[in-house]
Amino acid sequence: MTQPIRVDIVSDVVCPWCIVGYLQLQAACTAAKIPCEVYWHPFELNTQMPAEGQDLREHLSEKYGVTKEQSDKTRTMLAELGASLGFTFTYADNMMMHNTFLAHQMIHAAALQGEGHKTKLALFKAHFTDNRPVGSLDELVAIAQEIGLDQDQIRQDLENGTHAQAVREEQAFWIEQGISGVPAMVFDQKFLVTGAQGVENYTNILQQVQAKRAA
């Protein structure tokens with residue numbers, strides 16, 4: 001059997017293109033019949049986001065100058081793209097942008113138990129499909145329980161900041177590698193690809209990486 005290609009994905013759980021890129025990669029793995037092992041790494045799109053979060057439209061307007069018309073167009077496009085990949089984007093007028101530092105700590109804690117991937121995907125769904133406040137400690141603990149994690153341990157870890165330093169150090173590492181936007185994927189710990197590239201492009205990338213291994 002082909003040795004799986006390692007794919008390190010630097011991303012944030014409130015980044016729509018991160019879940020889109022991941023699902024496109026998965027579809028490419030299936031199409032190319034090339035197995036991949038995904039490792040998630042933390043990145044915060046909004047390190048200064050307050051704990052209570054901010055209205056998403058207001059946030060996009062302040063940060064990027066996005067108008068309501070532009071926002072609506074992007075939301076429709078993402079909803080259609082997500083549906084084609086088996087993922088539901090549920091955009092509402094009251095949708096919020098959240099601080100994700102606690103969420104990244106939860107993913108880190110789960111990863112130590114071999115549950116990081118499941119947790120990451122659960123948080124994508126919580127934010128984009130279910131409109132849940134992924135910046136809330138209580139909400140994160142509830143999600144932890146729902147996906148079979150030890151909710152008491154997760155609450156204790158988040159309240160005590162048990163994994164805060166480790167997450168900060170990992171974030172700093174990737175920034176030092178030149179990562180300034182997400183998703184950023186590193187294939188076989190050698191080849192960096194940024195942005196959601198589409199199934200066809202990811203298929204080509206996987207085939208090229210496999211060919212370089214054989215050369």
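Model, not experiment: these values are computed from the prediction. Every heavy atom of this structure was used, including side-chain atoms; hydrogens, water molecules and symmetry mates were not.
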[X]: salt bridge (charged side-chain N to carboxylate O under 4.0 Å, His left out) partners, not counting sequence neighbours:
X: Asp150; result: none
X: Lys73; result: none
X: Asp12; result: none

Distance-only criterion, 3.5 Å: show the donor-acceptor pairs between side-chain atoms of residues 173-194 and protein atoms not counting sequence neighbours.
residue	atom	partner	partner atom	Å
Gln177	NE2	Phe173	O	3.2
Asp188	OD1	Arg213	NH2	2.8
Asp188	OD2	Arg213	NE	2.8

Roughly how far, to the nearest 0.5 Å, is the [atom2] atom of [Y] from the [atom1] atom of [X]?
X: Ile143; Y: Leu149; atom1: CD1; atom2: CG; result: 10.5 Å
X: Thr30; Y: Leu206; atom1: OG1; atom2: CG; result: 10.0 Å
X: Ile5; Y: Cys29; atom1: CD1; atom2: SG; result: 7.5 Å
X: Asp55; Y: Leu60; atom1: CG; atom2: CG; result: 9.0 Å
X: Leu45; Y: Met97; atom1: CG; atom2: CE; result: 6.5 Å
X: Leu137; Y: Ile154; atom1: CG; atom2: CD1; result: 10.0 Å

Next item on the list: Mind checking ring-ring contact (aromatic ring centres under 6.0 Å, His included) for Tyr91 and listing every partner two or more places apart, or none if nothing turns up?
Entry: Phe89
Notebook entry, point to check: Residues in ring-ring contact (aromatic ring centres under 6.0 Å, His included) with His127, at least two apart?
Noted result: His98
Using side-chain heavy atoms (C-beta onward) and a distance below 4.5 Å, is [X] in contact with [Y]?
X: Ile19; Y: Leu121; answer: yes
X: Val13; Y: Ile107; answer: yes
X: Ile9; Y: Val7; answer: yes
X: Val66; Y: Ser61; answer: no
X: Asn94; Y: Leu56; answer: no

Margin query: I need the minimum non-hydrogen distance between Gly161 and Gln105, along with the two atoms involved.
Written below: CA-OE1, 3.8 Å
Notebook entry, point to check: For the residue pair Ala103 and Val134, what are the closest heavy atoms and their distance?
Noted result: CB-O, 3.8 Å
Under 3.5 Å, is there a donor-acceptor pair linking the side chains of [X] and [Y]?
X: Thr67; Y: Gln70; answer: yes
X: Glu170; Y: His41; answer: yes
X: Asp157; Y: Gln153; answer: yes

Are any side-chain N or O atoms of [X] and backbone N or O atoms of [Y], one a donor and one an acceptor, separated by less than 3.5 Å?
X: Thr162; Y: Leu158; answer: no
X: Asn131; Y: Thr90; answer: yes
X: Asn99; Y: Phe101; answer: yes
X: Thr129; Y: Thr88; answer: yes

Any pair with a residue in [range] that passes salt bridge (charged side-chain N to carboxylate O under 4.0 Å, His left out), sequence neighbours left out, goes on the list, sorted by first then second residue, please.
range: residues 23-49; value: Glu44-Arg168
range: residues 100-121; value: Glu115-Lys118
range: residues 83-111; value: Arg57-Asp93
range: residues 127-147; value: Lys125-Asp130, Arg132-Glu139, Arg132-Glu146, Asp138-Arg155

Checklist line | All side chain to side chain contact (heavy atoms under 4.5 Å, CB included) counterparts of Ala196, not counting sequence neighbours | finding: Trp17, Val20, Gln24
Note to self: Testing Phe43, Tyr22, Phe124 one by one against Ser11 for a side chain to side chain contact (heavy atoms under 4.5 Å, CB included), which residue passes?
What the structure shows: Phe124
Checklist line | Parallel, tilted or perpendicular: ring planes of Tyr64 versus His59, cut at 30 and 60 degrees | finding: perpendicular
Treating Ile, Leu, Val, Met, Phe, Trp and Tyr as nodes and any side-chain heavy-atom pair under 4.5 angstrom as an edge, say whether [X] and [Y] lie in one connected cluster.
X: Ile34; Y: Tyr39; value: no
X: Val141; Y: Val167; value: no
X: Trp40; Y: Leu123; value: yes

Check: Got a sec, which residues hit side-chain hydrogen bond (donor to acceptor under 3.5 Å, both in side chains) with Glu62, two or more places apart in sequence or on another chain?
Finding: Gln54
Note to self: Would you say NZ of Lys63 has more than 12 non-hydrogen atoms from neighbouring residues, nucleotides or ligands within 6.0 angstrom?
What the structure shows: yes
Checklist line | More than 12 heavy atoms from other groups under 6.0 Å of CD on Gln113 | finding: no
Checklist line | Intermediate values then yes/no, side chain to side chain contact (heavy atoms under 4.5 Å, CB included), Thr47 and Met49 | finding: CA-CA 6 Å; Thr47 57; Met49 180 63 61; over 6 Å; no
